[in-house]
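Let me begin by presenting the structure, written as structure tokens, before commenting on it.
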Amino acid sequence: MPPSAPDPVHAEPPSTAATAAVLLRLEGISKRFPGVLALDGVSLEVRRGEVHAVCGENGAGKSTLMKVISGQYPPDAGTLHYRGEVCQFRSPADSEAAGIAIIHQELNLVPHLSVAENIFLAREPRKGWLIDRAALRRNAQHCLDRLGLDIAPDVLVKTLSVAQQQMVEIAKALSLNAQVLIMDEPTSSLTESETEKLFAIIHELKRAGVGIVYISHRLDELAQIVDRVTVLRDGRYVSTDRFADTTVEQIVAKMVGRSLDDVFPRRTSVPTPEVLLRVQGLTRQGAFHNVNFELRRGEILGFAGLMGAGRTEVARAIFGADPIDAGQVMLGEQRLAIHSPRDAVRHGLAYLSEDRKHDGLALKMTVAQNITLANMEAVSNRVGLIRFDKEQVAAARYIKALDIRTPSSSQIVRLLSGGNQQKLVISKWLFRESRVLFFDEPTRGIDVGAKYAIYQLLDELAGQGIGVVMISSELPEIMGMTDRVAVFHEGRLVTVLNTRDTSQEEVMHFASGRSIPSPV
Ligand SMILES: Nc1ncnc2c1ncn2[C@@H]1O[C@H](COP(=O)(O)OP(=O)(O)OP(=O)(O)O)[C@@H](O)[C@H]1O
Ligand SMILES: [Mg+2]
């Protein structure tokens, strides 16, 4: 904290001054869903000008607690004090009006409305009865500028990438000028530079006295902004500490109830020299140009690059989800004619999207149905009827392997926590027994323990001879898990490096376009 700003979190004695600084206090909050006690007597206090992190594994109850604060869910027990008074908000609109804004973990924008309309939804500036379009654009532009975003206020939200949508969510929450700002995984799909911008704004808000609740599975970023940290485990309150008095290792140990020694498992698999997938001259105007690479059997190849570098676009094109203008894809000796994801799946390609809500899951179906969705044949009898016993066995296997927290395999997927939904997308494609797997941000929003399990799975898959492409914005995970790394910059595959012989700095160097080899 800069010396000019008073330190409301650490400086005061725990008497009257500290009490006055308390914006929000939750006491003994409990919330039960059918089959799940999501919160069991949880307490939390948010002070003026502090960033208060809430940590816990997937399914620990973090998002539920935030939804209780915002009035989306009424608690079954407990009280909420806001600015010294007992409150119970009846709806998110109610809490918003009182000065509590929330950036949701799962994006909540209206896809067919513009960015400006989304930011000021139901709060549009008016001239008489009519919406004042000019003011709407101007105000939206101001919000976007504040975050340094290069997004036009008029574009439709559905045309934006996940990361851009997340930035719009943030812009929207900031525009409310709230006293309490809740951020549920705000950086999970942001790049480092976007995250830095967000942190600069968080520091600004802190100085202005806003109380911030910050939820993130990226524990290494907490040190930059967090004053205090509360840990939840299995819906129960574990502890609250000043961040300066604890360590990330201690936080993790409290989250998982044991200590984790390593972040990455040792790679046991070794890639074979056999080329499994060969991509040549892949081009789509305006998205990527002349992309060439090879993926070997048993290899984990990383795709690194900044947001908008074209990594997801290339993967989607190979998978047949988007068209190409030129180029070809060879699987072994066979040239693939892929016109749709259905073709790709038939050839044994799989793509695990970063946008699980839209591409990955059937949210209204059960856990078991989702796992078996991409490979119905494996759980059907000869005439195509689904054998529920087989479906259950398959579901049970993956629920155990990935430690998916769900009351049963027949739970509706929409009701799982964000991280557990992500694990489910992965199970679905693992069950498909694919030959080439594209993982787009596989550990986004996933807790440390489960990340480790997913890394182990990647290593196992490679060991079985599957080719794995891992698209990730988290360089440490690329460095920790891949054999080689393909670096993208502005739609071009700039270079492919041996992971063992390179460094994060070198990868960043190429990713930022600072040294592009001259075209041959
Ligand atoms: N509407 C709901 N109906 C039924 N169960 C729910 C509902 N919302 C959450 N749950 C369950 O409550 C528990 C807590 O979920 P919550 O979303 O709060 O976890 P979280 O800590 O935010 O996890 P993550 O890190 O994965 O986002 C989970 O077991 C989840 O499946
Ligand atoms: Mg959550």
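Remember, it's 1-based here, ligands and their atoms both numbered in the order they're listed.
Residue-environment remark: CZ (Arg236) stays at or below the threshold of 12 foreign heavy atoms within 6.0 Å. Counting heavy atoms of neighbouring residues, nucleotides and ligands inside a 6.0 Å radius, atom CG of Asp150 does not exceed 12 of them. At most 12 heavy atoms of other shown residues, nucleotides or ligands fall within 6.0 angstrom of atom CZ in Arg414.
For the pair Leu416 and ligand 1, the shortest N or O to N or O distance does not fall below 3.5 Å. Considering backbone and side-chain atoms alike, Glu185 places every N or O at 3.5 Å or more from each N or O of ligand 1.
Shortest contact from atom 8 (N) of ligand 1 to any protein heavy atom: Phe33 CE1, 3.4 Å. Residue, atom and distance of the protein heavy atom nearest to atom 17 (O) of ligand 1 are Ser417 CB, 3.4 Å.
Within the structure, the closest approach of Lys31 to ligand 1 does not fall below 4.0 Å when heavy atoms are considered. Put simply, no part of Gln421 is less than 4.0 Å from ligand 1, judged by heavy atoms. Within the 4.0 Å heavy-atom shell around ligand 1 one finds Gly61.
Using a 4.0 Å cut-off to heavy atoms of Ala38, the atoms of ligand 1 that qualify are 12 (O), 13 (C). Heavy-atom contacts of Val36 reach the following atoms of ligand 1: 12 (O), 29 (O) (cutoff under 4.0 Å). Numbered from 1 in the order shown, with element, the atoms of ligand 1 that lie under 4.0 Å from a heavy atom of Tyr73 read 1 (N), 8 (N). Distances below 4.0 Å separate heavy atoms of His217 from the following atoms of ligand 1: 25 (O).
The aromatic rings of Tyr82 and Phe89 stand perpendicular to each other, their planes meeting at an angle above 60°, with 30° marking the opposite boundary. Taking the six-membered ring where the residue is Trp, Phe199 and Tyr214 present perpendicular rings, their angle passing 60° and hence far from 30°.
Protein N/O/S atoms closer than 2.8 Å to the Mg ion (ligand 2), listed by chain and residue number, are Ser63 OG, Gln105 OE1.
Contacts with ligand 1 closer than 4.0 Å are made by backbone heavy atoms (N, CA, C, O) of Glu57 only, the side chain lying farther away.
Ring centroids of Phe319 and Phe438 are separated by 6.0 Å or more, keeping the two rings apart. Residues Tyr73 and Phe33 place their aromatic rings such that the two centres sit under 6.0 Å apart.
A donor and an acceptor atom, one from each side chain of Thr230 and His52, are located under 3.5 Å apart. No side-chain donor-acceptor contact under 3.5 Å links Ser410 and Thr366. Judged purely by distance below 3.5 Å, without hydrogens or angles, the side chains of Ser216 and Glu221 pair a donor atom with an acceptor atom.
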